[in-house]
Amino acid sequence: MTPMKLWLGCLTSVTLGLGACSADVAPEPAPTLDTVGAFVAVDESEEALSLYRTLAVLGEGNSADVLFMTRYGVAPQTYEEASALAKRRDLPASKQVTLLGKDYFDRHDWRVVWFRTLSSEEQAAFR
Amino acid sequence: MRRLPLAALLALGMSTASPARADAPAAGPRLLHVPSSARTAEQGILTPVPISLLVPSDLPARRVLLHYKLFGIKEWRTLELRREGARYVGAIPCLEVSSLAGEIRYYIRIHDIEGSVIAFSGTRASPYRVAVHHPSARPDLNASAARCPDPADCPPGLPGCPSAEVERVPCQRDSDCEGGQSCGWDGFCADDSRRYNWLSLEVSQSAGVVSEQGACSVANQENEGYACYRKFDGAIYRGRPVYTDEGFAAGWGQARVLVGYERLLFYNTSLAARVGYAFAGAGPSLPGSAEYLPYSVELLARHWLGNDPFARPGLRGYLMLGVGAAQHDVAFTARVREDPGAPYTQSGNDLEQTLDAWRRAGDGFVAVGAGAAYAISAEFAPSFELSASQTFPYGATLLSANLGIKLGIK
């Protein structure tokens with residue numbers, strides 16, 4: 001083995017060793033309706049979508065659960081637009097908390113468009 | 001006629017010299033004394049100057065060299081005397097004595113088998129002198145029928161013929177050489193314009209490649225030298241990232257100033273040491289962790305390309321191998337995806353976000369590279385170097401570009 005090959009071998013093994021193997025990655029969990037911090041766009045009216053955010057969940061993980069949600073004063077026309085709005089940190093949120101039964105979402109089309117961990121103020125409201 | 005029997009006088013001088021220990025080179029070359037009255041001689045033109053030397057038997061002589069300077073000629077020439085029993089004999093050729101009147105100066109140095117000068121008689125500053133007179137001035141000195149041998153019939157070096165001219169004087173150290181020459185690695189004196197010691201001043205900029213796999217997890221930030229900060233508020237990222245298929249990230253490293261010393265060990269080999277100070281590019285240190293250490297040390301071995309590249313100005317390329325210690329902060333942008341199902345550890349983390357990240361790699365490293373210096377003169381050479389290094393135990397692969405100057409000193 002030439003010195004050059006030896007060096008390249010060492011370099012590759014050390015670098016790859018530190019990087020582990022890309023085949024070992026875990027699946028990417030996605031937020032759901034009852035994930036605290038999830039942004040949910042709901043097709044409630046013909047004019048526009050509504051954008052909610054899950055603040056807390058009360059229940060045992062079934063359709064009888066109650067979701068504590070806040071509603072944002074925006075009117076996205078598409079889920080993509082809703083997702084883009086949800087990523088904005090200056091989104092105007094309603095100060096009122098809306099309680100919705102989980103079965104409410106059985107009657108409407110909806111999609112989780114984003115997720116962000118709650119701020120400390122938002123978390124404090126439900127302690 | 002005042003012509004002195006040089007051969008006899010030198011032989012007398014040698015034989016009357018006090019014995020010296022031949023195995024004591026530390027005492028320096030032995031001085032073979034000749035009475036000051038015997039240091040001059042006279043002769044006519046076109047006559048060879050015979051030299052005969054009786055070397056003391058305790059001297060481990062291998063070569064006896066006659067150094068002489070003809071009238072009107074600047075440089076000193078060298079002849080090797082040939083051995084005839086216990087004597088070393090030779091002659092300054094009459095063709096070189098020629099028909100010009102003037103003064104010939106000479107002295108003798110005796111070398112051992114390794115080339116060291118172990119004895120001498122006369123010096124360049126205090127040589128023997130032979131006055132050469134024209135027949136018009138001293139017909140008595142020119143009465144002899146001295147005849148120049150025909151160089152075609154009498155090759156230099158054969159018995160009875162002119163001595164062979166020595167073009168290269170053997171040596172073991174610089175003190176064995178004269179006339180501003182120094183002792184080369186090949187064991188012969190030579191006009192040496194090489195600079196054996198070099199000081200360098202360089203500016204270096206590095207860029208690195210680091211593993212991005214799980215880089216910003218709390219565990220990796222606490223244990224693997226990573227530091228990640230959220231872009232929107234600058235807070236240290238303490239979220240729960242999902243390990244996705246991130247591979248490697250590249251980013252800038254530090255800008256350093258490097259001061260070095262290099263010693264030329266052989267025609268094509270040098271060893272160097274560099275110390276450095278990183279003046280830009282260092283990342284922040286996490287609370288509770290050690291501060292960034294901006295200093296670096298490095299040992300380098302360089303193989304210079306070409307045939308004796310330090311013998312002359314011009315472009316000198318080289319390959320290098322180095323090892324050292326330094327902290328290398330590699331700045332990069334990390335993409336993380338938050339695990340929405342994990343318990344909260346930090347508020348305000350988006351499902352996906354990019355972070356300002358650094359990896360503090362090091363503290364050891366090995367490096368290979370190549371470079372070049374352009375010697376404008378024997379003492380001054382701008383230089384450029386590209387190197388790749390691998391750090392350990394905190395890994396990163398770094399590419400560095402150095403730009404600097406080298407100053408050569410004897």
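Computed from a predicted model, the values in this text were never measured in an experiment. In what follows, chains are A, B, ... by sequence order, proteins preceding strands, each numbered from 1.
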A.B. asks: Does the side chain to side chain contact (heavy atoms under 4.5 Å, CB included) test come out yes or no for B:Leu264 and B:Arg194, once each step is laid out?
C.D. replies: CA-CA 9 Å; B:Leu264 189 62; B:Arg194 296 183 196 92; 4.2 Å; yes
A.B. asks: With a 4.5 angstrom heavy-atom cut-off, which part of B:Phe232 approaches chain A: side chain, backbone, both or neither?
C.D. replies: side chain
A.B. asks: Using the ring of each side chain (for Trp, its six-membered ring), is B:Tyr267 parallel, tilted or perpendicular to B:Trp185, with breaks at 30° and 60°?
C.D. replies: perpendicular
A.B. asks: Would you mind checking which part of B:Gln346 comes under 4.5 Å of any heavy atom in chain A, side chain (CB onward), backbone (N, CA, C, O), both or neither?
C.D. replies: backbone
A.B. asks: Does anything in residues 57-71 of chain A form a salt bridge (charged side-chain N to carboxylate O under 4.0 Å, His left out)? List the pairs, not counting sequence neighbours.
C.D. replies: A:Glu44-A:Arg71
A.B. asks: May I ask you to name which of B:Pro340, B:Ala342, B:Ala215 has the most heavy-atom pairs under 4.5 Å with chain A?
C.D. replies: B:Pro340
A.B. asks: Can you classify the ring geometry of A:Phe105 versus A:Tyr52 as parallel (below 30°), tilted (30 to 60°) or perpendicular (above 60°)?
C.D. replies: perpendicular
